[in-house]
Amino acid sequence: MWDDLHALAKTAERRRIEDLFAENDKRAGEFSLTAAGLLFDYSKTQIDEQIRAALIALTDAAGLDARRTAMFTGAAINETEGRAVLHTALRNLDGGAVHVDGEDVMPEVLETLDRMEALAREVRGSDVTDVVNIGIGGSDLGPAMAYTALAPYCDGPRCHFVSNVDGADIADTLRGLDPETTLFIVASKTFTTIETMTNARTARAWLMDKGVSTDGRFVALSSNKAAAGEWGIPESRTFGFADWVGGRYSMWGPIGLSLMIAIGPEGFRAFLRGGQEMDRHFETALPHQNMPVLLALVGMWHNQVLGHATRAVLPYDNRLARLPAYLQQLEMESNGKRVSMDGADLSVNSGPVVWGEPGTNGQHAFYQLIHQGTRIVPCEFMVAAKGHEPDLRHHHDLLVANCLAQSEALMRGRSLDEARAIMADKGAEGDELERQARHRVFPGNRPSTTLIYPQLTPEILGKIVALYEHRVFVEGVILGINSFDQWGVELGKELASSLGPVVTGEASAEGKDGSTRQLVEFVHLHRDRD
Ligand SMILES: O=P(O)(O)OC[C@H]1O[C@](O)(CO)[C@@H](O)[C@@H]1O
């Protein structure tokens with residue numbers, strides 16, 4: 001399979017994407033698809049019919065249909081942790097029963113949703129002015145990203161997100177907050193994460209320092225209700241979720257509480273409905289009409305076949321500023337694995353490095369490399385047809401024009417002859433003309449995709465997030481890896497706890513490598529100085 005694709009890649013790389021359009025005036029329509037109101041255009045890539053068929057063959061060979069059914073029906077597909085993977089149940093608003101180990105999980109999911117809604121209404125109707133979500137990774141990035149994304153829908157208390165163990169994070173957040181009207185949400189699936197528990201204790205100490213009772217000031221979101229109880233948060237203020245909700249897939253349930261408080265229960269339900277609509281599409285559409293499948297296959301063509309090690313996510317939507325960070329965790333923690341489910345080494349590369357920034361800002365920062373650097377960075381553009389500022393339509397039109405211009409420029413490039421003509425117009429001559437022209441050449445033929453949606457509403461955001469979740473799933477199935485564990489984060493955590501006492505001076509650095517000892521020495525030299 002991979003050999004077929006590598007053979008096809010040799011021919012494809014010699015062709016220009018522009019020529020594919022010249023050869024087939026239906027290319028745009030044939031290499032794009034609309035689903036759930038979103039349009040995904042992958043025509044500005046080297047993919048042709050033969051390549052697409054070979055990519056789709058990967059899904060058959062990997063048994064995607066069976067794996068997808070297994071996920072949606074609660075089989076323990078997270079094999080290294082012996083767990084089902086059912087974040088889709090959290091948005092199964094009008095769906096039927098979903099069984100895990102013979103038990104329907106939906107009554108509990110819906111009851112928790114009802115409790116969340118009751119609390120959200122209570123908080124929105126109270127004197128709470130600020131909500132601080134304390135969590136990290138999957139217990140932070142989803143709600144933080146969505147809160148910024150859905151700013152036009154936020155009509156509840158202000159939300160803040162504290163994640164980093166760096167005291168600067170919580171100190172900067174608490175400064176200016178009123179302890180009498182601030183509610184803290186401690187969001188941690190395990191309720192043991194060092195960053196979150198440290199920040200939660202600091203928040204509690206802050207209230208006590210200010211002479212404010214901590215009663216009713218904390219809410220817990222966790223799978224570990226016992227630990228939340230021991231920490232002092234009563235069951236009535238604790239919202240649990242099952243171990244089959246992975247951290248980076250958890251914003252659809254209790255971890256989304258801050259978002260629900262901000263946009264209201266109806267807005268949150270719209271977000272869930274959007275996710276559910278994408279689920280239905282993913283479950284039922286044929287591969288060549290299936291958006292998550294094609295998004296995954298285009299990504300794999302660029303990464304595993306052509307060898308482009310990174311992909312840029314470029315939302316032309318300022319409110320999606322945190323989406324690249326959210327997708328970094330979703331994609332890199334899920335598919336950054338070097339062994340397949342059975343422990344064997346992967347024969348192809350694992351998932352790519354995902355990075356990005358909103359346009360147009362990125363254009364004035366790193367697009368230089370994307371256009372003229374020696375490495376190719378496949379770009380994933382995203383843009384809404386319509387903004388939320390009716391009085392600033394001209395801004396939005398410019399934004400859209402810039403987004404479309406970038407994908408066109410990446411594909412077309414500018415030839416040496418065109419660059420020479422530009423320099424000749426400017427009056428350059430001879431060697432100087434030639435030298436200057438070479439700097440103005442754009443190789444072009446650089447692939448990009450565009451996801452375009454009507455407007456960034458809660459429902460559309462739900463669709464986009466679910467689309468990317470399923471893309472990760474498809475890539476993981478094809479690679480034969482477990483997209484739902486994260487063993488790669490463990491070693492650093494273990495070493496950090498052994499280094500804690502070394503940093504404070506309670507334990508010696510003996511036995512550590514020379515570099516670590518030298519760094520610790522530097523810290524000791526400076527940490528107690530005024
Ligand atoms: O919700 P928790 O248990 O605090 O974990 C936070 C994050 O830490 C990780 O386990 C990685 O260390 C993520 O997968 C998770 O989202």
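Order of appearance sets the numbers: ligands from 1, and atoms from 1 within every ligand.
Counting heavy atoms closer than 4.0 Å to ligand 1, residue Val489 contributes side-chain atoms (C-beta onward) but none from N, CA, C or O. Contacts with ligand 1 closer than 4.0 Å are made by side-chain heavy atoms of Gln486 only, the backbone lying farther away.
Annotation: side chain to side chain donor-acceptor pair (under 3.5 Å) contacts involving residues 333-349, sequence neighbours excluded, comprise Arg248-Glu333, Arg248-Ser334, Tyr249-Ser334, Gln329-Glu333, Asn335-Ser483, Lys337-Asp485, Ser340-Asp342. Among pairs with a residue in residues 124-150, those fulfilling side chain to side chain donor-acceptor pair (under 3.5 Å) read Arg124-Asp155, Thr129-Thr181, Asp130-Arg158, Asp130-His160, at least two apart in sequence or across chains.
Between Phe282 and Phe72, the ring-plane angle classifies as tilted under the 30° and 60° cut-offs. Classification of the Trp206-Phe184 ring pair by plane angle, with boundaries at 30° and 60°, yields perpendicular.
Lys493 counts as a contact of ligand 1, since one of its heavy atoms falls under 4.0 Å from the ligand. Close to ligand 1: Gln329, with a non-hydrogen atom less than 4.0 angstrom away.
The closest protein non-hydrogen atom to atom 16 (O) of ligand 1 is Gly138 N, 2.7 Å.
At a 3.5 angstrom cut-off on N or O pairs, Thr196 does not count as close to ligand 1. Every N/O-N/O distance between Ala187 and ligand 1 stays at or above 3.5 Å.
A donor-acceptor pair shorter than 3.5 Å can be found between the side chains of Trp252 and Glu469.
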